[in-house]
Amino acid sequence: MCPTIAAMSDHVRPIDLPAPEALVRELGSRLPVFQDIAWTGSTGSTNADLLARARSGAGAGKPWLLGTHLQETGRGRAGRPWQNRSGSTLMFSCAFDVHLPAAQLPALSPLAGVAACEALRAVAGPEARGLCMKWPNDIQWHDAKLAGVLVETTRNPGGREAGYTVVIGMGVNLIDAAQLSRTLGREVADWTQVQAHSHRLSTAADLVCASATAWHEAVQTLEREGFTAFRQRFNHVDALAGRMVNVLEKGDILLSGAACGVDEQGRLLVRTPEGATPISVGEISIRRQA
């Protein structure tokens, strides 16, 4: 369970975003497995750009990485619009080839959250214990949302044997937590609050490299072993463990109960008087009860 968010130290300096070309050079030197790395000053959506490229069949072999300083038509889950201002958010997406049955693709969503949370914990160090994940893949600093993850898939050109492209995008709040919290009417966190509890100074490239590498390794593990390999890892980052939740769909409460981990398909388990009910990714959202 994640405790109440602690106040940010005033002396913590925010992460600066280098110029796109400088960031590409550093990422290229640190991510040799990625076949194509690009960073732009502005784009509509890094996820949409990579999905369009995958559908066209053009470009180098994967993995690919695309980041941007400003995302003009970003989307969250359920197609909700998401915007930022340049320098306030670290935004990037990675594309990977996957060869999985269609029934296993939903597991990519919680998998991406687990891997991202583990990666950010590794960057921040053991002092930043407040980093956790709210199913299916929101990254939190204690009870405040720090980063959003969006996972999308498309079938590769060339038929069933060609498999799928999975695109995993993440936006990490670097600054503006107080302003966002007031605007949205809920707790929002940024990386300066994490840094205030870490003895390590991190850079934008540190966060990108750790997350991209973790996603690549996680996708490969899922192909070999299935989501069963991630159930214990999920438990170590689970922000909802043992907490009472409402399961919502389009604002309506479908059921209430205690969150109790995930099953072998990555579905959230909610314990009710009738037993543990699995909740599927993409159909509902989770809100903690007041």
Side-chain angles (χ1 to χ4, degrees), residues 1-17 41-47 67-92 113 116-117 120-121 123-124 127-150 169-198 201-204 207-208 211 237 239-240 243-253 259 284-290:
M1 183 182 298
C2 294
T4 304
I5 191 166
M8 184 191 72
S9 296
D10 293 334
H11 66 274
V12 176
R13 181 178 177 181
I15 285 179
D16 290 325
L17 282 180
S42 175
T43 191
S45 161
T46 53
N47 262 39
T68 189
H69 280 17
L70 179 64
Q71 191 159 253
E72 298 173 348
T73 59
R75 294 159 294 127
R77 285 197 305 276
R80 289 185 289 268
W82 185 87
Q83 294 180 321
N84 73 294
R85 66 183 181 91
S86 185
S88 67
T89 312
L90 183 65
M91 294 167 297
F92 58 98
C117 190
L120 295 181
R121 281 183 172 185
V123 172
E127 301 88 0
R129 297 182 181 89
L131 285 166
C132 51
M133 189 195 92
K134 176 187 169 188
W135 184 94
N137 53 32
D138 281 347
I139 309 302
Q140 298 189 163
W141 173 242
H142 299 281
D143 276 340
K145 183 173 178 178
L146 171 71
V149 178
L150 179 64
M170 182 163 71
V172 183
N173 298 324
L174 299 179
I175 55 175
D176 291 345
Q179 178 183 332
L180 287 168
S181 296
R182 288 192 298 269
T183 300
L184 298 174
R186 58 182 171 82
E187 280 193 305
V188 177
D190 63 37
W191 192 255
T192 62
Q193 293 166 318
V194 180
Q195 286 280 79
H197 294 78
S198 172
L201 293 177
S202 52
T203 66
L207 302 183
V208 175
S211 302
V237 300
L240 295 176
R243 302 178 79 164
M244 297 300 295
V245 298
N246 292 325
V247 179
L248 308 175
E249 184 172 22
K250 297 180 179 178
D252 296 327
I253 298 177
I284 50 158
S285 58
I286 303 297
R287 297 289 184 268
R288 289 182 298 276
Q289 292 181 348

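Just so you know, these numbers use all the heavy atoms, side chains as well, and skip hydrogens, waters and symmetry mates. Just so it is clear, the model here is predicted, and its values are computed rather than measured.
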* Could you list the residues that satisfy side-chain contact (heavy atoms from CB on, under 4.5 Å) with Leu201, not counting sequence neighbours? => Gln195
* Asked: Is the backbone of Thr46 close enough, under 3.5 Å, to the side chain of Gln71 for a donor and an acceptor to pair up by distance?
  -> yes
* Asked: Closest approach of Val188 and Leu184, non-hydrogen atoms and distance?
  -> CG2-CD1, 3.9 Å
* Asked: If you round to the nearest 0.5 Å, how far is CD of Glu187 from CD of Gln140?
  -> 9.5 Å
* Heavy-atom check, side chain of Lys134 versus side chain of Lys145, under 4.5 Å -> no
* **Minimum heavy-atom distance between Leu120 and Trp191, given as atom pair plus value** => O-CH2, 3.9 Å
* **Check against side-chain contact (heavy atoms from CB on, under 4.5 Å), Leu90 and Ile15** => CA-CA 9 Å; Leu90 183 65; Ile15 285 179; over 6 Å; no
* Structure fact -> Of all heavy-atom pairs linking Ala116 and Met170, the shortest is CB-SD, 3.9 Å
* Qualifying residues under side-chain contact (heavy atoms from CB on, under 4.5 Å), relative to Ala177, sequence neighbours excluded -> Asp190, Gln193
* Asked: Where do Pro14 and Thr192 come nearest, in terms of heavy atoms and distance?
  -> CA-CG2, 3.7 Å
* Gap between atom CD of Glu249 and atom CG of Asn246 - 0.5 Å precision -> 14.0 Å
* Any Leu207 side-chain heavy atom under 4.5 Å of Phe92 side chain -> no
* From Asp143 CG over to Cys132 SG, what is the distance, rounded to the nearest 0.5 angstrom? -> 7.0 Å
* Asked: Can you name the closest pair of heavy atoms from Met91 and Gly171 and give their distance?
  -> CG-CA, 4.1 Å
* For Asp16, salt bridge (charged side-chain N to carboxylate O under 4.0 Å, His left out) partners two or more places apart -> Arg13
* Donor-acceptor pair, Ser88 side chain versus Ile175 backbone, under 3.5 Å? -> no
* Student check: side-chain heavy atoms of Met133 and Ile139 closer than 4.5 Å -> yes
* Do Leu17 and Leu174 touch side chain to side chain, with heavy atoms closer than 4.5 Å? -> yes
* To do: Quick one: pull up CZ in Arg129 and NE2 in His142 and give me the separation to the nearest 0.5 Å.
  => 10.5 Å
